[in-house]
Structure formats: structure tokens, C-alpha cells
Amino acid sequence: VFDGWILKGEKFPSSLDHPLPTSQRYIDFCESGNIQRSIRSSQNVAMIFFRIHQPGNGFTVTVKKNANLFPCNVISQTPSGRFTMVIPHQHRNCSFSIIYPVVIKISDLILGRLNGLFLKKPSAGCAGVGDFVELLGGTGLDPSKMFPLADLCHSFHGSAQMKIGCDNTVLRMVSSGKHINRVTFEYHQLDLQETENRKENSIEEFCFPSI
């Protein structure tokens, strides 16, 4: 059993954002019989890898969903939706992963700061701020290996939209634990017509597939 998700050799959450080392996220069951052991995942996904050597052998797994008031690392179950991420005075990083090219619109961000939206640049960004949200895009699952697209360093009420044509898009919140950080966003899968109209977007776009 693996705490998280693995796709093409990449992990979610990344090793940087998970409280346990990778070796402790794997739990092996090699013996037979009535094991009766519970495992709790730290996000809304977990994976079971198994091998059955002989016909008639097998195992039974019971899955129970627990309510989580402050979900941290989440993989979207649908190509569109709306989500609010809250980190209440906790020093941790949380990501929302969408495995589709998407249009993402951030409608509310609370970091206890003034207004502002900054593109990710080598000489700029939110480095050293302590609390910020970043948009990442790439072809794999691991946020630490993705290309940084934009940083949001300050609170704002309004709307900031971006079209991201990557195979995978991640909204990642970095929290120092000094504030109650909150971000609300909605997203939907990018279609062909929207890629053709991408010049209408006020923010530079990345990862658009060839048409």
C-alpha cells in the first residue's frame, strides 16, 4: 500500500510536501491469514499494488472515508469543479492537482497581505515571503518537478484567471504557520476552442498543446 499516488515513476504528494519519508509511505503485507490492520492515507488518494501467485488466492480490502475539515494534498476527481483550500496556522505545504489541461480562476486569496499578482520570473516571485500560492504545470505528477508558472504573494478579492495547457496543473499553497491562509478557485478542462482564443488571456500562457 502506498500513501499517495504514483504515475510514470513520479509521486504525489512530492517528497518535499509529505510529512513522512518515502520509505515510510510504503507498507508491505507479505504474510497470509487474517491481518486486520488499518492504514490511513494523508490525502484523498492511496494505491494498492498486489501480486497473486495462484488461482483462488486473494485478499479483501475495506475502504472507509473519513471527514477532513482541512484537506491538504488533493487530486481532482473530475475535469471541472470548485475548491477552497484552508491552512489554519499550520507550517506545511498543500497542493491541488488536476490531471487535465485547464482554465483555472482564483476568486479569493487570503494571506493577510496587500493586493498583488506576480508572474514567476528568475529574478522575481515570492521567494522569502513565507506564505504564497503558486501555479505549476508539467507532464508528470510530482509538483517539485513542474515548471513554475505564476506566484500569488498577497491577498486579493476579485478574479485572476490563467489557461494552462499542461498535462498536469497544480495549485500549491506554501504556509509558514503564522496566518490562516485560504484560497478559493474554480477550474474546467481546456477545450480546443479555448486554445484558439488564448490571446484573449491577460496573463502569459504556457504548455499549450500543438493544434
Side-chain angles (χ1 to χ4, degrees), residues 12-14 16-19 42-44 68-138 141-166 168-190 194 198 200-207:
F12 180 89
S14 72
L16 296 177
D17 294 343
H18 198 283
S42 57
Q43 59 280 317
N44 71 327
N68 187 355
L69 296 178
F70 303 107
C72 186
N73 294 301
V74 178
I75 289 183
S76 172
Q77 303 296 296
T78 59
S80 63
R82 180 181 174 89
F83 192 79
T84 296
M85 182 186 295
V86 181
I87 305 181
H89 293 297
Q90 294 176 336
H91 179 49
R92 62 176 181 170
N93 306 329
C94 296
S95 295
F96 189 94
S97 178
I98 310 167
I99 52 175
Y100 309 96
V102 294
V103 176
I104 186 167
K105 182 167 66 175
I106 299 174
S107 57
D108 191 52
L109 176 62
I110 299 175
L111 296 172
R113 301 179 185 275
L114 300 176
N115 296 336
L117 170 64
F118 303 94
L119 278 177
K120 186 81 171 181
K121 296 180 180 180
S123 60
C126 299
V129 171
D131 296 83
F132 62 92
V133 166
E134 62 179 349
L135 289 173
L136 307 168
L141 194 66
D142 191 333
S144 66
K145 298 179 180 180
M146 291 184 178
F147 186 78
L149 306 179
D151 281 354
L152 292 86
C153 310
H154 309 290
S155 300
F156 71 88
H157 300 281
S159 178
Q161 177 175 300
M162 191 171 190
K163 297 177 184 178
I164 304 175
C166 302
N168 196 4
T169 300
V170 165
L171 184 144
R172 180 173 179 261
M173 175 178 282
V174 176
S175 180
S176 66
K178 298 178 182 179
H179 309 285
I180 299 177
N181 295 326
R182 174 190 177 107
V183 60
T184 298
F185 58 95
E186 56 186 274
Y187 58 94
H188 65 266
Q189 189 170 1
L190 196 64
E194 286 173 304
R198 61 188 186 182
E200 297 176 3
N201 200 333
S202 59
I203 302 177
E204 186 178 2
E205 297 142 356
F206 301 81
C207 280

**Q.** L171, I87, V183, V86 screened by side chain to side chain contact (heavy atoms under 4.5 Å, CB included) with C94, the one that passes
**A.**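 Checked L171, I87, V183, V86 against C94; only one passes side chain to side chain contact (heavy atoms under 4.5 Å, CB included): I87.
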Q) Who passes side-chain hydrogen bond (donor to acceptor under 3.5 Å, both in side chains) against T169, sequence neighbours left out? A)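 T169 satisfies side-chain hydrogen bond (donor to acceptor under 3.5 Å, both in side chains) with no other residue.
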Closest non-hydrogen atom pair between [X] and [Y], with its separation:
| X | Y | result |
| --- | --- | --- |
| N73 | S95 | OD1-N, 2.9 Å |
| S144 | L16 | CB-CD1, 3.7 Å |
| P79 | Y100 | CA-CE1, 3.5 Å |
| A150 | M162 | CB-SD, 4.3 Å |
| L141 | S97 | CD1-OG, 4.3 Å |
| N93 | C72 | O-SG, 3.5 Å |

(Q) Let's go through L152 and I106 carefully: what are the C-alpha distance in whole Å and the side-chain angles of both, what is the deciding distance for side chain to side chain contact (heavy atoms under 4.5 Å, CB included) to 0.1 Å, and is it a yes or a no? (A) CA-CA 10 Å; L152 292 86; I106 299 174; 3.8 Å; yes
(Q) I'd like to know if R92 pairs up with D17 as an ion pair, taking the criterion as any Lys NZ or Arg NE/NH1/NH2 lying under 4.0 Å from an Asp or Glu carboxylate oxygen. (A)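 Salt bridge absent between R92 and D17.
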Q. L190 versus K163: any side-chain heavy-atom pair under 4.5 Å?
A.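 Yes - at least one pair of side-chain heavy atoms lies under 4.5 Å apart.
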Q) Going by heavy atoms in the side chains, are F12 and I75 under 4.5 Å from each other? A)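 Heavy-atom side-chain distance check passes, below 4.5 Å.
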Q: Carefully, step by step, assess M146 and N168 under the rule side chain to side chain contact (heavy atoms under 4.5 Å, CB included).
A: CA-CA 9 Å; M146 291 184 178; N168 196 4; 3.2 Å; yes
To the nearest 0.5 Å, how far apart are [atom1] in [X] and [atom2] in [Y]?
| X | Y | atom1 | atom2 | value |
| --- | --- | --- | --- | --- |
| K178 | H89 | NZ | NE2 | 12.5 Å |
| E134 | M173 | CD | CE | 11.5 Å |
| I104 | I164 | CD1 | CD1 | 6.0 Å |

Q: Give the C-alpha distance, both sets of side-chain angles, the deciding distance and a yes or no for side chain to side chain contact (heavy atoms under 4.5 Å, CB included) between S107 and F185.
A: CA-CA 6 Å; S107 57; F185 58 95; 6.0 Å; no
**Q.** Polar side-chain atom of T78 near backbone of S80 as donor-acceptor pair, under 3.5 Å
**A.**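 Checking the backbone N and O of S80 against the side chain of T78, a donor-acceptor pair under 3.5 Å is found.
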Q: Give a yes or no on whether the backbone of S159 and the side-chain of Q161 come within a donor-acceptor separation of less than 3.5 Å.
A: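 The answer is no, because no donor-acceptor pair under 3.5 Å joins these two groups.
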Q.
Applying the side chain to side chain donor-acceptor pair (under 3.5 Å) criterion to N181, which one of S155, S176, S175 satisfies it?
A.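 Going through S155, S176, S175 one by one, the side chain to side chain donor-acceptor pair (under 3.5 Å) with N181 is satisfied by S175 alone.
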(Q) Ring centres under 6.0 Å, that's the criterion: do F83 and Y187 meet it? (A)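 Here the rings of Y187 and F83 have centres that are no less than 6.0 Å from each other.
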Q | Donor-acceptor pair between T84 and T184 side chains, under 3.5 angstrom | A |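 Side chains of T84 and T184: pair found under 3.5 Å.
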Q | Working for side chain to side chain contact (heavy atoms under 4.5 Å, CB included), residues L109 and R182 | A | CA-CA 6 Å; L109 176 62; R182 174 190 177 107; over 6 Å; no
Q: Output all residues satisfying salt bridge (Lys or Arg N to Asp or Glu O under 4.0 Å) with R82, sequence neighbours left out; order by chain, then residue number.
A: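 Counting only residues at least two positions away or on another chain, R82 forms a salt bridge (Lys or Arg N to Asp or Glu O under 4.0 Å) with E186.
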